[in-house]
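Take this structure, written in structure tokens, and hold onto it; I'll ask about it next.
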Amino acid sequence: MKYMDEYRDETLAQGLANKIKARSSRTVRLMEICGTHTMAIFRHGIRSLLPETIDLVSGPGCPVCVTAQEDIDRSVKLARIPGVIVTTFGDMLRVPGTDSSLQSENASGADVRMVYSTSDALKIARNNPERDVVFLGIGFETTAPTIAAAIRMAHDTGQTNFSVLSAHKLLPPAMDALLSGGNLEIDGFICPGHVTTIIGTAPYEGVVQKYGTPCVVVGFEPLDILQGILMLVEQIEEGRADVEIQYTRAVRPEGNPGALKIMEEIFEPCDSVWRGLGVIPKSGLAIREKYRSFDARGRFDLEVPRANEPPGCLCAEVLRGAAKPVECKLFRKACTPRSPVGPCMVSSEGTCAAYFKYHAP
Amino acid sequence: MCLGIPAKIIKIEHGMGIIDMEGTQKEVSLLLQEDAKVGDYVVVHAGFAIQKIDEEQALASLETLREMASELAEAESE
């Protein structure tokens, strides 16, 4: 496919790898924040091309993985309400809540449907006017505008049986929270390319200024990732900390103003609970008062008891980059993709699922 | 989940873009990229075009990589 295949050229990849090796004089720890990067790094065998001086660690960028246990429990509670159709992206179905998952609810008669897009969820609402259709809004800034657009469409067309349980998260506040902990020693961030197509580069300036940690916005093909790593290594070797864009074909410094506008219109920032990171101020998105009739939190009783993490599960540490999946006692034993204990093994983008699939035992 | 696929808009009908993905046609919303035109390549995420692809930038970045690879090859052969 155009704009993909040419960024997989092996000769150019080897050239980049050689250059990284030549430029890298000291050991550095780089965090890829985005789960899509985690998968791409494994799938394309990027680690095997890098010198030993480069340590790549995964961050909290898998939306399913960082969704609070309480929000999973809320979605299960929603599915149990008679007349409700729960719609969601596929990865959410198998995440174990405290005593059930959406998939088990579906098996016991609840109506849970996987959709590819919020447009599909709206279509289900149109075709089932006597039912309440709720979309589980998870995801980062890449996805949030598509959900804002659906709420706007529902509002404009009077689709009153549609609502959203918003559990969206914003990535730059999580980067700040990770660095403010102070003990992770992250030397640079491989910033999420598609999130940045929306938000632009301004949100990373704070991280660079406050912590002096270089940020490079990177695409998802092998040459993108290698070039992004080279740009980070060069910044570190030169003692610089800047926000730079490697993924110039898709990322503009100002982001996507239209998408930002619709997000701003529908959502407002709120404090949000992240699995592994706890409450991070202004890192979530709540539906504004004007659109409250589309907010599932207002329409249904979604109070749930405080939930505990599964015993022995290291997802919380893995999500902060403080532990690798192989350090977890449950990994490959009690916890596998067929029978996952923690969310990092459920999502196809979860760090544990990626290690399970690609990392030799 | 932040997967984005580059695809060409081949038609626009009723405000929706029709894209071609390796021979399969799919409908995408242009609500988040309202100035997209037929012939543009866009990044598609969850049924929406979220950004246009800048062809000039795409070519320039590949050119930079090719130059770098040939410089390195020359340096090695010296």
Side-chain angles (χ1 to χ4, degrees), chain A residues 1-4 6-7 9 11-12 14-16 18-19 22 34-37 61-64 89 91 115-120 138-143 145-149 152-153 192-195 197-198 220 223-224 227 230 246-252 255-256 258-259 262 347-349, chain B residues 1-10 14-17 19-24 26-36 39-77:
Chain A
M1 266 160 91
K2 191 171 174 188
Y3 296 119
M4 289 176 96
E6 56 274 50
Y7 296 90
D9 183 297
T11 316
L12 295 185
Q14 197 53 56
L16 274 166
N18 294 346
K19 181 108 188 216
C34 174
T36 309
H37 273 144
C62 152
V64 171
F89 296 130
D91 270 5
V115 293
Y116 163 68
S117 164
T118 49
S119 313
D120 300 338
I138 63 151
F140 300 117
E141 294 93 328
T142 320
T143 315
T146 72
I147 286 142
R152 244 270 297 282
M153 278 190 273
H194 289 140
V195 160
T197 63
I198 305 292
F220 298 89
L223 295 187
D224 291 324
Q227 190 181 22
L230 175 62
Q246 177 281 325
Y247 195 25
T248 48
R249 65 187 181 280
V251 171
R252 322 267 184 281
N256 177 338
I262 195 165
S347 171
S348 56
E349 290 191 342
Chain B
M1 239 193 71
C2 284
L3 219 56
I5 308 290
K8 187 177 182 174
I9 299 179
I10 53 169
H14 316 294
M16 295 292 282
I19 52 161
D20 177 74
M21 270 185 181
E22 300 198 303
T24 313
K26 275 184 102 170
E27 206 180 50
V28 297
S29 169
L30 300 179
L31 258 177
L32 304 174
Q33 200 52 257
E34 287 179 327
D35 59 348
D40 283 345
Y41 272 84
V42 288
V43 178
V44 176
H45 170 75
F48 286 76
I50 57 166
Q51 191 56 272
K52 277 197 283 192
I53 291 177
D54 184 329
E55 171 131 45
E56 256 175 55
Q57 289 285 358
L59 292 174
S61 66
L62 277 176
E63 193 46 43
T64 312
L65 293 180
R66 287 192 191 108
E67 277 168 21
M68 199 179 71
S70 64
E71 273 168 32
L72 277 176
E74 271 172 37
E76 269 168 31
S77 63

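We name chains A, B, ... by the order of the sequence lines, and we start the count at 1 in each one.
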With only heavy atoms counted, which part of A/P145 is less than 4.5 Å from chain B, the side chain, the backbone, both or neither?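 Both parts, backbone and side chain.
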
Less than 4.5 Å to any heavy atom of chain A: does that hold for the side chain of B/L31, its backbone, both, or neither?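 Answer is side chain: those atoms of B/L31 sit under 4.5 Å from chain A.
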
Heavy-atom distance under 4.5 Å to chain B: side chain of A/E349, backbone, both or neither?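 For A/E349, the side chain is the part near chain B, not the backbone.
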
Please identify, among A/G15, A/S119, A/A250, A/A259, the residue contributing the most non-hydrogen atom pairs under 4.5 Å to chain B.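 Going by pairs under 4.5 Å, I would pick A/A250.
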
At a 4.5 Å cut-off on heavy atoms, which part of A/L230 comes close to chain B: side chain, backbone, both, or neither?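 For A/L230, side-chain heavy atoms alone lie under 4.5 Å from chain B.
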
If we only count heavy atoms from C-beta on, is the B/D54 to A/T248 side-chain gap below 4.5 Å?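 Side chain of B/D54 against side chain of A/T248, heavy atoms only: no contact under 4.5 Å found.
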
Looking at A/Q227, A/R252, A/M4, which has the largest count of heavy-atom pairs under 4.5 Å with chain B?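 It is A/R252.
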
CD of B/E63: more than 12 outside heavy atoms within 6.0 angstrom?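 Yes, because the 6.0 Å sphere around CD of B/E63 holds more than 12 heavy atoms from other groups.
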
A/Y7 and B/A58: which non-hydrogen atoms are nearest, and at how many Å?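 Closest approach of A/Y7 to B/A58, heavy atoms only: OH-O, 3.1 Å.
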
If you compare all heavy atoms of A/S117 against all heavy atoms of B/F48, which two are closest, and at what distance to 0.1 Å?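 The pair with the smallest heavy-atom distance is OG-CE1, 3.8 Å.
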
Please name the pair of heavy atoms, one in B/R66 and one in A/L12, separated by the smallest distance, quoted to 0.1 Å.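 Result for this residue pair: CA-CD2, 3.8 Å.
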
Below 4.5 Å, heavy-atom pairs only: which of B/Q51, B/K8, B/Q57, B/E56 has the largest tally toward chain A?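 Maximum pair count with chain A is reached by B/Q51.
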
Does the A/N256 side chain pair with the main chain of B/Q33, one donor and one acceptor, at a distance under 3.5 Å?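 No, A/N256 side chain to B/Q33 backbone: no donor-acceptor pair under 3.5 Å.
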
Can you check whether B/S61's main-chain N or O pairs, donor with acceptor, with A/R249's side chain at less than 3.5 Å?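 Checking the backbone N and O of B/S61 against the side chain of A/R249, no donor-acceptor pair under 3.5 Å is found.
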
Heavy-atom pair count under 4.5 Å with chain B, highest-scoring of A/E6, A/Q14, A/K2, A/H37: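 Among A/E6, A/Q14, A/K2, A/H37, the one with the most close pairs to chain B is A/K2.
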
Based on non-hydrogen pairs under 4.5 Å, which of B/A46, B/A69, B/S70 is most in contact with chain A?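 Most heavy-atom pairs within the cutoff with chain A belong to B/A46.
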
Region of B/E55 in contact with chain A, defined by heavy-atom distances below 4.5 Å: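 Its backbone and side chain both get close to chain A.
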
Interchain contact, A/I262 with chain B, by part (heavy-atom threshold 4.5 Å):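 The answer is the side chain of A/I262.
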
Of the listed residues (A/T146, A/T197, A/V251), which shares the most heavy-atom pairs with chain B below a 4.5 Å separation?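 Greatest number of close heavy-atom pairs with chain B: A/T146.
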
Just so I understand: if I count every heavy-atom pair under 4.5 Å between each of A/M1, A/H194, A/E141, A/K19 and chain B, which residue has the most?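 Top option by heavy-atom pairs under 4.5 Å: A/H194.
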
To the closest 0.5 Å, what do you measure between OH (A/Y116) and NZ (B/K26)?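 Between A/Y116 OH and B/K26 NZ, I get 4.0 Å after rounding to 0.5 Å.
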
